[in-house]
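What you see is a predicted model; the values in this text were computed from it and never measured. Heavy-atom basis, side chains included; hydrogens, waters and symmetry copies ignored.
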Amino acid sequence: MSVTNKLAENLALSRDLSPEGRPILYKGRIRQAMQVILVNMTKLVLLNLIMVLACAPLIVMVFYYQRMQELNILSGLNFSTGIGIGLGVQDDTVSALSQIYDVRLKVYGITLFPTCILFGLFASGLYYCCRNMLWGAKVKIWKHFFRGIKVHWYKYVLSFAWLGALASGFACSLIMILKETAVQGSANPAWYVLTVVIGIIALASAMYMMIGNGMYVCYRFKMKEYIKNTCCVALMTIVPTLIVVLFFSGLMALSFVNLLNIFILIIMAMIGFSVFAVFSLAFSQYVCDNTIGYMYEEQLKIKKKEQEKLAKAKNQAKKKQAALNNGRPNKKKKR
């Protein structure tokens, strides 16, 4: 028995929550997602603005508090010491670098985790609305956004809390590498190991979330069944899932390019979060329809055939019994 078959046996099967008659094996998911985006552009922009509000703590801390602290550090140091005599300027420069990285360590270490939790809470409403759009159902933004939070909040909060812990650990270890390299000339190898380990775990978690975040709003399972199903489906479709995750990760990595970072930030602020939700939901529905949905339909067909076979056997038994009763001679009653 292949590994895929073993994984398939562990799936909890159920019909998704979509309206009756929705095509399960839909072709052209990218076309479907693009059509949804074009038709619901205004609603998606509004939803994206709500998601930007969830990022407000991080935005304020990074673009206001951090910059103010860095300016205060630079204003309190003297970079002209020792000019013309030696390299005395190095002392203040190293001190400034050390303090600046300490501020960044504080900002990202404190802010990333709670921001991810708040973002996860809002994401439950976003994904619920985007799910209805993909299924062709009517969407009333405020009504369905808060309904999504009410029904699915704990799933997304747990998922994004885990992502926030990884993001905090990765950011802090990377900042420590940059700080020790700038101040001491080289960083402790342990920081490199920690960064790589967290990066690998984060990649696996991103593959999980690419499928799981869509499954949360499309199926009704227990939490342990969500986790089991998502892990099994991710392993069964590991190549396409990895490709999709790396594609979106590459797009986000472009925000570190000087000529593109402002453009990427503007797109994310306008509609980026909503577009990502639509495409990730379309991909999650694609892999779930071809695994959970397909196996569930096959299971129904098998049960239907078994029921028809049983009903046929019962009918044959009744006919046989009737034939025996008709061919049996009537006994005269004794007086």
Side-chain angles (χ1 to χ4, degrees), residues 30 33-71 103-104 107-134 139-142 144-146 148-149 153 156-157 159-161 163-164 166-168 170-171 174 202 206 209-210 213-214 217 244-283:
I30 296 178
M34 290 298 299
Q35 184 178 3
V36 167
I37 292 169
L38 292 175
V39 172
N40 299 278
M41 180 66 72
T42 303
K43 294 179 180 179
L44 290 173
V45 170
L46 178 57
L47 285 169
N48 202 80
L49 292 176
I50 298 173
M51 299 309 297
V52 172
L53 290 177
C55 300
L58 183 62
I59 294 172
V60 171
M61 290 294 287
V62 171
F63 291 97
Y64 178 74
Y65 177 81
Q66 178 180 305
R67 290 187 177 183
M68 292 297 296
Q69 290 297 312
E70 290 177 359
L71 289 174
V103 169
R104 294 179 180 178
V107 168
Y108 287 101
I110 293 176
T111 313
L112 273 176
F113 183 73
T115 300
C116 285
I117 291 178
L118 182 60
F119 192 89
L121 181 67
F122 282 33
S124 59
L126 171 67
Y127 273 80
Y128 186 82
C129 291
C130 292
R131 180 206 73 175
N132 290 348
M133 293 177 187
L134 282 166
V139 177
K140 296 181 179 179
I141 294 298
W142 296 110
H144 290 100
F145 182 80
F146 286 108
I149 292 176
W153 69 271
Y156 287 88
V157 167
S159 185
F160 278 88
L163 180 65
L166 291 174
S168 298
F170 184 84
L174 185 60
M209 294 179 68
M210 184 61 66
N213 285 348
V217 292
V244 171
V245 168
L246 291 177
F247 173 76
F248 283 109
S249 299
L251 289 180
M252 291 305 301
L254 293 176
S255 60
F256 294 98
V257 180
N258 290 332
L259 297 178
L260 296 175
N261 53 0
I262 300 298
F263 177 74
I264 296 294
L265 288 175
I266 292 173
I267 293 297
M268 292 303 296
M270 291 177 60
I271 198 172
F273 295 120
S274 297
V275 168
F276 174 77
V278 171
F279 275 104
S280 63
L281 267 166
F283 177 76

> Hey, could you give me each pair passing ring pair (Phe, Tyr, Trp, His ring centres under 6.0 Å) that has a residue in residues 45-68? Not counting sequence neighbours.
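Applying ring pair (Phe, Tyr, Trp, His ring centres under 6.0 Å) to every pair that reaches into residues 45-68, excluding sequence neighbours, yields nothing.
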
> Rounded to the nearest 0.5 Å, what separates atom CZ in Phe279 from atom SG in Cys130?
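It comes to 11.5 Å.
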
> Would you indicate whether the side-chain heavy atoms of Leu134 and Val278 approach each other to under 4.5 Å?
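Yes. Closest side-chain heavy atoms under 4.5 Å.
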
> Would a 4.5 Å heavy-atom cut-off, applied to side chains only, mark Leu112 and Val107 as touching?
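No. Closest side-chain heavy atoms not under 4.5 Å.
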
> Roughly how far, to the nearest 0.5 Å, is CD1 of Ile37 from CD1 of Ile271?
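So the CD1 of Ile271 and the CD1 of Ile37 are separated by 6.5 Å.
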
> Not counting sequence neighbours, which residues clear side-chain hydrogen bond (donor to acceptor under 3.5 Å, both in side chains) with Ser280? List them please.
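Counting only residues at least two positions away or on another chain, Ser280 forms a side-chain hydrogen bond (donor to acceptor under 3.5 Å, both in side chains) with Tyr127.
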
> Determine whether Trp142 and Ile50 make a side-chain contact, defined as any pair of heavy atoms from C-beta on separated by less than 4.5 Å.
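Yes, side chains in contact.
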
> Locate the shortest heavy-atom distance separating Ile141 from Cys129; write the atom from each residue and the value.
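Minimum heavy-atom separation between Ile141 and Cys129: O-SG, 4.0 Å.
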
> Under 6.0 Å between ring centres, would you say that holds for Phe119 and Tyr156?
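That pair fails the under 6.0 Å test.
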
> Can you check whether Gln66 reaches Arg104 side chain to side chain, under 4.5 Å on heavy atoms?
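Yes; the side chains approach each other to less than 4.5 Å.
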
> Would you check if Ser124 and Val157 make a side-chain contact, meaning some heavy-atom pair closer than 4.5 Å?
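No, side chains not in contact.
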
> Could you measure the distance from the CZ atom of Phe170 to the CG atom of Leu174? Nearest 0.5 Å is fine.
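So the gap between those two atoms works out to 5.5 Å.
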
> When the aromatic ring centroids of Phe276 and Phe248 are compared, is their separation below 6.0 Å?
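Ring centroids of Phe276 and Phe248 are less than 6.0 Å from each other.
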
> Phe273 and Leu47: side-chain contact (heavy atoms from CB on, under 4.5 Å), yes or no, with the steps?
CA-CA 8 Å; Phe273 295 120; Leu47 285 169; over 6 Å; no

> Nearest 0.5 Å please: distance from the CG atom of Leu281 over to the CE atom of Met210.
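Reported to 0.5 Å precision, the distance equals 10.5 Å.
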
> What's the spacing between Ile267 CD1 and Ile262 CD1 if we round to 0.5 Å?
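Output value for this atom pair is 12.5 Å.
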
> Kindly indicate whether the side chain of Met133, heavy atoms from C-beta on, has any atom under 4.5 Å from the side chain of Leu44.
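Yes. Closest side-chain heavy atoms under 4.5 Å.
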
> Decide if atom CZ of Phe145 counts as having more than 12 heavy atoms of other residues, nucleotides or ligands within a radius under 6.0 Å.
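Buried by this count: over 12 neighbours within 6.0 Å.
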
> In Å and rounded to the nearest 0.5 Å, what is the CD1 to CG distance from Ile264 to Leu251?
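The distance works out to 6.5 Å.
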
> Between Val45 and Met270, is any pair of side-chain heavy atoms under 4.5 Å apart?
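A side-chain contact is absent here, since even the closest heavy-atom pair is not under 4.5 Å.
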
> Give the minimum heavy-atom separation between Ala54 and Leu118, together with the two atoms involved.
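Heavy-atom minimum between the residues: O-CD2, 3.5 Å.
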
> Heavy atoms, side chains only, cut-off 4.5 Å: are Met268 and Leu265 in contact?
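A side-chain contact under 4.5 Å is absent here.
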
> Has Lys43 got a side-chain atom pairing as donor or acceptor with Val139's backbone, closer than 3.5 angstrom?
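Here the side-chain-to-backbone pair exists.
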
> Mind checking what makes side-chain hydrogen bond (donor to acceptor under 3.5 Å, both in side chains) contact with Gln69, not counting sequence neighbours?
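Gln69 satisfies side-chain hydrogen bond (donor to acceptor under 3.5 Å, both in side chains) with no residue once adjacent residues are dropped.
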
> What do you reckon, is CG of Leu246 surrounded by more than 12 foreign heavy atoms closer than 6.0 Å?
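Yes, enclosed.
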
